[in-house]
Structure formats: C-alpha cells, structure tokens
2 protein chains.
Amino acid sequence: MSPRIGLDLQIILQAATQIADTEGIEAVTLASLAKKLKIRPPSLYNHVDGLHGLRKKLAIYGLEQLYNRLVQEAIGRSGDDAVRVLGKEYVAFARSHPGLYEATLLAPDPRDPEVQQAGSKIVDLAVRLMNAYGLEDEAAIHAVRGLRSILHGFASLEQRGGFGIPLDLDVSLSLLIDTFISGIDSMKQNGKLH
Amino acid sequence: MSPRIGLDLQIILQAATQIADTEGIEAVTLASLAKKLKIRPPSLYNHVDGLHGLRKKLAIYGLEQLYNRLVQEAIGRSGDDAVRVLGKEYVAFARSHPGLYEATLLAPDPRDPEVQQAGSKIVDLAVRLMNAYGLEDEAAIHAVRGLRSILHGFASLEQRGGFGIPLDLDVSLSLLIDTFISGIDSMKQNGKLH
DNA sequence: ATTATAAAACTAATGATGTTAGTTTTTGTT
DNA sequence: AACAAAAACTAACATCATTAGTTTTATAAT
C-alpha cells in the first residue's frame, strides 16, 4: 500500500514553518519550499494541493501547535490564574512563531471545515476556562470571543509594529488581561452577564 | 510644471480599494489594477513605486479614511459614550471596507514613517478619549493599546470567519466594549491604573 | 530473487505576474 | 509654434504556480 515513501508531510510543514518564521509568510512559496526541501516545485503536488492546499495545511498545523502549547499551560489551573497564563502563552506563541501564527489566520477559506475544527479545539478550551467564572452558554461564548479578540488583536498589532511607542509591551498585555478579568467580574455583578 | 496630467493618485487608490473590498486584498495586483484603469501595468510606475509602493499608499489611504470616520463619530462625545461609539464605528469601517481595512495592516514595512504617522493620528484620538477617564501618560497608552487590540482583534477575527458559532456578533462587540470600560473603572479604583 | 505496482520525483511547457529599459505620445508652458 | 516633462506605451525578462506526461524507485506480491 506504500510503494514508495518520500517526503513526510510533517517535514514539509516544518520546512514551511521555518521559512514563514524567518522570512515572513509571504516568502512561503512553492518555489522557496521546494528549494529548501531539495526537490522541484511540481513534486510538491504529490503532498499538497498547490499553494492553497499548503496554506490550508499550514494553518491547521499552526492551530494545532498553538492548542498544544495552550493546553500545557492551562492544565491544573483555573479562574484568573488560568486566563492570565493562557493569554501570556498565546502571545508568546505568536512571538516565537510569527510566520506560523500569521498562517493560522491566512487560510484560503477560513470557513473550511478542517480549519474550523482545528480552531474550535482552542475555543472549547477557552469556553471551559470561562465556565470557572460561572459563565455558561451564550455568556461564555461572548466572553471567549472577547478574550480571543484581545489576544489576537494584541499579537497581531505587536507583530505588525502597530505599537510604535517604546513602552513595555508585557506590561500592556498584563494590564489588558487584568482589565478584561475585572470587567467580566463587574459585568457579572451588574447582571449584564449571567 | 505639469506638462501632462494623467491619472490621479486618488483615482488609483479608489480603484484599488474597490478591488480590495470586492475580491480581497490579494486580488489587488498591478495587473488587475491596470486593467481596471484601462492602462498597461508599467504605466502604474509613473504613480506608484511598484506593488510595494501601492500597498504602502493604500495602507496610508485606509488609515486616513478610518481616522476620518472615527473623528466624525467622536466629535462632541466623551467618556463611555465616546468609547462605545468609537468602537462600533471602527468595526463598522472594517465591515464596510474589508479589503481596505486589511490593507491598513498589510504595509510592506509597518514601521515606515509615513505609515506610522497615519496610524498615530488614530492613536492620538484614542489617547484624548482616554484622558476623559483620568488616564494620563503611560496609563493612557496602555489603555489605548488595549482598546486597539480589542477592536482590531474583533474586526480581524470576524472578517476571517473566526467566529464560527451563530450568535449575534453585535452583542458580542457591545459586551466586549462594556467589559473593557468596566474593567478600566475597576482597575482605576484598585489603583492599578492611574 | 524477480516482477509488478503505485507513489514520488522529474522534465517540459504554459500563463500570469512584477519589473526594467527604452520609445512614443501627449499636453501644458514658453 | 516649439519645447519639455510627464504619462503611457511596447518589448523583454525573471519568477512563480500549475498542468501534462515521463521516469525513477521502493515496497508488496509472486
């Protein structure tokens, strides 16, 4: 059932990740990837459905990596502590893998079922954390959307040099997360979340 | 001083915006733009420094448009009201100009002085709003970074189909902004912001 | 061991794109 | 009417994604 074993998909994605992280996601082309793997560009079509297929697989790969790192930090924690750690790790991932992180949001069709599924694992993790605040169902979803917006927005702006002023970014992030947590608290007490 | 008047830069950017908003920023190529303007691709080099130059100018153009819309809404308002309206308008802009909004964060070099300057007008506007909360200097900057993260993150995720679950997005946004406002309030009273 | 097979990698070719160089056209100014 | 400068052009090239068809090669079956 396997008359010839050539390149492994994992190796391809690792090579693509390396290019993305060092030269930016735009530098990930079939040509550059083939060169790095020492094969000819058309050969990549045996493993990946063109550039679009590569982007999609890279997006899923990135989401899985991100999920793994988040889970590592989340286990054994709950409440404020868990949210703080999750937030820091999310941003840390984007910092350590700038290109791969970009790729997670650059899939040709973000609504693709496989991409959605990879993303939903992260969402589910966040939902469980929110449950610790007594947020259930719709309230939990709104809260998770908020947290994701915060973390993605921060990571994305930081990556794109959006924060021009030289003021400690880690402080900004910590304050932002704490502000969010405080806000959730207030909103709950005011009955705006339940 | 002007032996021949050809295309106007404004017209070029408007055409590019149209392509970006209808077909996505990736569809904005010198070829497609030239076709829309009924000229040959090399002619664009008389107005724009290649594809990179176009992207940069489009980014600045988008930031200016965004700023104009935000100012319109911010005038005559302050405090919670101003922040809520600003947030809604920010997201509304991204929705009405998905491609142009993308372009604002896709400049070849985000640290380019001209791009930074266009962005800093928006930041300054937000800083002034934050001053109404009694947040000055560093505290104001942290708060603005937070608000930008929230709004960009939300707009970006929404655009990329990141919110898969069918639950009213406007509600999520309103709750998020209110959560942020509440959080700022609590943090101030706890002395973590000053 | 030999052979068949299926996957992987290849060569060759095509179309689209960005870009440069050099030429022609156009139009406001002198 | 002549000039000059900007705009638009043609021609050409390099790079890239992609398709079609061929060759190689390692495994599986004989």
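Since we're looking at a predicted model, the values are computed, not measured. Chain identifiers are assigned alphabetically (A, B, ...) following the order of the sequence lines, protein sequences preceding nucleic acid strands; residue numbering begins at 1 within each chain. Reckoned from all heavy atoms, side chains included, excluding hydrogens, waters and symmetry mates.
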query = Salt-bridged, Arg160(B) to Glu102(B), with N to O below 4.0 Å?
reply = yes

task = Name every residue in residues 12-40 of chain A that has at least one heavy atom under 4.0 Å from any atom of DNA chain D, in order of residue number, or write none if there are no such residues.
result = Thr29(A), Leu30(A), Ala31(A)

query = The side chain of His47(B) lies closest to which of these nucleotides: dA7(D), dT19(C), dT27(D)?
reply = dA7(D)

ask   = Between dT18(D), dT27(D), dT19(C), which nucleotide has the shortest distance from any of its atoms to the side chain of Leu51(A)?
value = dT18(D)

inquiry  = Is there, by distance only and without an angle test, a donor paired with an acceptor across the side chain of Asn46(A) and the base of dA7(C) below 3.5 Å?
reply    = no

message = Distance alone, cut at 3.5 Å: any donor-acceptor contact between the side chains of Ser32(B) and Thr29(B)?
response = yes

Identify every side-chain donor-acceptor pair in residues 46-53 of chain A under 3.5 Å, counting partners at least two apart or on other chains, and give the distances.
| from | atom 1 | to | atom 2 | distance (Å) |
| --- | --- | --- | --- | --- |
| Asn46(A) | ND2 | Ser43(A) | O | 3.4 |

task = Return the set of residues passing salt bridge (charged side-chain N to carboxylate O under 4.0 Å, His left out) with Glu73(B) (not counting sequence neighbours), or none when no residue passes.
result = none

query = Excluding sequence neighbours, so at least two apart, what forms salt bridge (charged side-chain N to carboxylate O under 4.0 Å, His left out) with Asp185(A)?
reply = none

query = Sub-3.5 Å donor-acceptor pair from the side chain of Thr104(A) to the main-chain atoms of Leu63(A), do we have one?
reply = no

Measure [atom1]/[X] against [atom2]/[N] and give the value in whole Å, please.
{"X": "Leu44(A)", "N": "dC16(D)", "atom1": "CG", "atom2": "P", "answer": "13 Å"}
{"X": "Leu9(B)", "N": "dA7(D)", "atom1": "CG", "atom2": "P", "answer": "11 Å"}
{"X": "His52(A)", "N": "dC16(D)", "atom1": "NE2", "atom2": "P", "answer": "18 Å"}
{"X": "Asp8(A)", "N": "dA8(C)", "atom1": "CG", "atom2": "P", "answer": "10 Å"}

key: Over-ring placement of Arg145(B) relative to Phe163(A), 6.0 Å and 45° cut-offs   = yes

task = Would you indicate whether Arg40(B), at its atom CZ, is surrounded by more than 12 heavy atoms from other residues, nucleotides or ligands within a distance under 6.0 Å?
result = no

task = Hey, could you give me each pair passing salt bridge (charged side-chain N to carboxylate O under 4.0 Å, His left out) that has a residue in residues 113-129 of chain A? Not counting sequence neighbours.
result = Lys56(A)-Glu114(A)

dA8(C) phosphate, OP1 or OP2, under 4.0 Å from Ser43(A) side-chain N/O = no

Show me the protein contacts with nucleotides 19-22 of chain D, counting only N or O atoms at under 3.5 Å.
none

